[in-house]
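Encoded as structure tokens, the structure appears first; notes follow it.
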Amino acid sequence: MHLWGLPLKLTLVRAVTIAAAVLLGLLPASGLPSPALAADRDQDGIPGVAASVPASTGYDISWPQCGGAYPANPAFGIVGVNAGIVFSANPCVTSQISWAGGARAGLYANTGNPGPALSKHWPLGQTTPRFCDPANPDSADCAYDYGANAATDSWSDAVTAFAALALAESPATSSWWLDVETSNSWRSDVSLNVAALSGATDALGARGVTKLGFYSTQYQWNVITGGTAAFAGHPSWVAGAADASGAAALCGTNGFTGGGVALGQYITGGFDADLACVDGAPILTTVTVSPPTASIQANGTQQLSARADDQFGQPLNPQPPFSWSTTGGAVTPSGLYTAGSTAGGPFTVTADSGGVRGSATVTVTSAADFSVSASPAVQSVRRGATATWNISIVPGNGFNGSVSWAVAGQPAGAIVSFTVNPTTSSTTLTLKTASSGPKGAFTLTITARSGSLAHTATVTLKVTK
């Protein structure tokens, strides 16, 4: 279906230069096109069209081309894995992926969100990745699961085709596009549609897909998603240009996702053609925060960094400034995160530049610490005799520091010493009383210090005649 038009997309043919295809991962570095696999006739039976296009032209085909000729001499190919709607398989996806260069093929998947009343695939009772509560089926969690399941179904179709072709590569190496069109079923509550698309992107990402974008128009994106910028980290494949000049003019602008435009579409020769924005001005598309996850102790710090990439996945030079924020703890303008004094999280730390955001998660664990044990608890000695206690460090949360020891409360004239001081494990406290010293019960306070940490243990010494 033409995205800006009305009925079903009978063919989607994307044309880009070889250099663009190499950059987008649709061709090998050599830039050599695939061999001709079809007669010089387009899907409408018009002879000569496929043969007349430049050798660098790429095409997008899907189920409408089953049983017919595929475009000849494609520099690259993009194949629809569905038969026009979600949870439907393109019956000739295997031959089309072969036509598109096997593992070099780009892939696109249909999306939708019909809701619980219309879909026999609605995930009632599903517990992962989210819980779709049967008592509340019309929820964002259920829509998320529906989108994830639909994308997973498309992924499975691609995996099956790759296996049938005995391809060593995974479909994760392909460029993927999520086709967002009003001709498919969507909810009037756009937040539910955004949830479904989030489920689809997360499901493909969980399977290793790193090159993922959206195909739509600004109008239809607004109708379906409310113009959300939640997917600004993904490039836009924009339909609706009148000609090649109009498609080229889309390059260097922000697409409907809020990220950069990777492809601009126009119609020519009975096909949908696309120009890749290889020569367009770099557009901030993705912000990546590193490390993506971290676990630190309470009051600890973690240096985070952010990188801004353009629509082609290349770092911007120079890098833009970032605004940092966090849902727990504190973060400086340079990305230095400081945990709070108690365990918690995971907390989200976000770097923002011009409305494009990347994030990392930080989990705060309890701080390393220790306690002290001393035995025996009570000892009785005569004046002039010696008493000893076994003193141990009990580490907690990974504590492995060195501890210094001191004692207070001993009777006058007594001599105290530790066999090892400082130590990282245990020591022995020895106390020799004075022969003419005082008698009675004395509480000894044994103090252990390591940096800012200090803990005590008490024992009782009874001195008799």
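Residues take their numbers from the sequence shown, with the count starting at 1.
- The shortest non-hydrogen separation linking Phe87 to Asp153 is CA-OD2, 3.4 Å.
- A donor-acceptor distance shorter than 3.5 angstrom exists from the side chain of Asp133 to the backbone of Ala135, with no hydrogens or angles considered.
- Side-chain contact check for Pro114 versus Tyr146: some heavy-atom pair is nearer than 4.5 Å.
- Residue Asn400 qualifies as open at atom CG: its count of foreign heavy atoms under 6.0 Å is 12 or below.
- Shown here is Arg187, whose CZ atom has more than 12 heavy atoms of other residues, nucleotides or ligands within 6.0 Å.
- Defined by atom type and a distance below 3.5 Å, a donor-acceptor pair is missing between the side-chain atoms of Asn397 and Gln297.
- Asp141 and Ser139 are not linked by any side-chain donor-acceptor pair at a separation below 3.5 angstrom, with hydrogens and angles left out of the test.
- For Trp324 and Tyr337, the gap between ring centers reaches or exceeds 6.0 Å.
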### Task
Report the C-alpha separation of Asn110 and Ile85 in whole Å, then their side-chain angles, then the decisive distance to 0.1 Å, and conclude whether the side-chain contact (heavy atoms from CB on, under 4.5 Å) test is met.
CA-CA 6 Å; Asn110 291 101; Ile85 58 174; 5.5 Å; no
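- Tested against Pro171, the residues Val81, Ile97, Val159 include a single side chain to side chain contact (heavy atoms under 4.5 Å, CB included) partner, Val159.
- Taking Asn149 as the reference, Gln126 meet the side-chain hydrogen bond (donor to acceptor under 3.5 Å, both in side chains) condition, with sequence neighbours excluded.
- Here the side chain of Ser450 pairs a donor or acceptor atom with the backbone of Ser402 at under 3.5 angstrom.
- For Thr257 (side chain) and Ala229 (main-chain N/O), no donor-acceptor pair under 3.5 Å exists by modelled atom type.
- Taking the six-membered ring for Trp, Trp237 and Tyr215 have ring centres closer than 6.0 Å.
- We find the CD1-CG distance between Ile224 and Leu192 to be 13.5 Å, quoted to the nearest 0.5 Å.
- With rounding to the nearest 0.5 Å, the separation of OG1 in Thr152 from CG in Asp157 is 11.0 Å.
- Here the shortest heavy-atom pairing between Pro137 and Trp122 reads O-NE1, 3.0 Å.
- The main-chain N or O of His121 is found under 3.5 Å from a side-chain atom of Ser119 such that the two form a donor-acceptor pair.
- Side-chain N/O atoms of Asn193 and Asn113 include a donor and acceptor closer than 3.5 Å.
- Between the side chain of Lys211 and the backbone N or O of Ser174, no donor-acceptor pair lies under 3.5 Å.
- Here Cys66 contributes atom SG and Gln96 contributes atom CD; the two are 5.0 Å apart, rounded to the nearest 0.5 Å.
- The environment of CZ in Phe399 is crowded: more than 12 heavy-atom neighbours from other residues, nucleotides or ligands sit within 6.0 Å.
- A donor-acceptor contact shorter than 3.5 Å is absent between the side chain of His455 and the backbone of Val372.
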### Task
Could you go through the side-chain contact (heavy atoms from CB on, under 4.5 Å) check for Trp63 and Ser88 one step at a time?
CA-CA 10 Å; Trp63 63 274; Ser88 66; over 6 Å; no
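- Nearest heavy atoms, Ala140 versus Ala195: O-CB, 3.5 Å.
- Using a 30° and 60° split on the angle between ring planes, Phe256 and Trp221 fall in the tilted class, from 30° to 60°.
- Note that CG of Leu204 is 6.0 Å distant from CG of Leu178, once rounded to the nearest 0.5 Å.
- A donor-acceptor pair is defined here as one N or O able to donate and one able to accept, closer than 3.5 Å; no such pair exists between the side chain of Thr361 and the backbone of Pro346.
- In this structure, the side chain of Gln303 engages the main chain of Ser334 through a donor-acceptor pair within 3.5 Å.
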### Message
Between Cys92 and Trp99, is the side-chain contact (heavy atoms from CB on, under 4.5 Å) condition met? List the steps.
### Response
CA-CA 11 Å; Cys92 53; Trp99 159 83; over 6 Å; no
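- Ring to ring, Phe131 and Tyr144 are not that close: their centroids are 6.0 angstrom or more apart.
- Distance CG/Leu197 to NE2/His234: 10.0 Å, rounded to 0.5 Å.
- Sorted by first then second residue, the salt bridge (Lys or Arg N to Asp or Glu O under 4.0 Å) pairs that include residues 194-206, not counting sequence neighbours, number zero.
- The closest side-chain donor-acceptor pair between Thr288 and Asp309, if any, does not fall under 3.5 angstrom.
- Between Arg357 and Asp352 a salt bridge is recorded (basic side-chain N to carboxylate O distance below 4.0 Å).
- Without hydrogens or angle criteria, Thr423 side chain to Ser425 main chain gives a donor-acceptor distance under 3.5 Å.
- When atom types are taken as modelled, the side chain of Trp176 and the backbone of Phe214 share no donor-acceptor pair closer than 3.5 angstrom.
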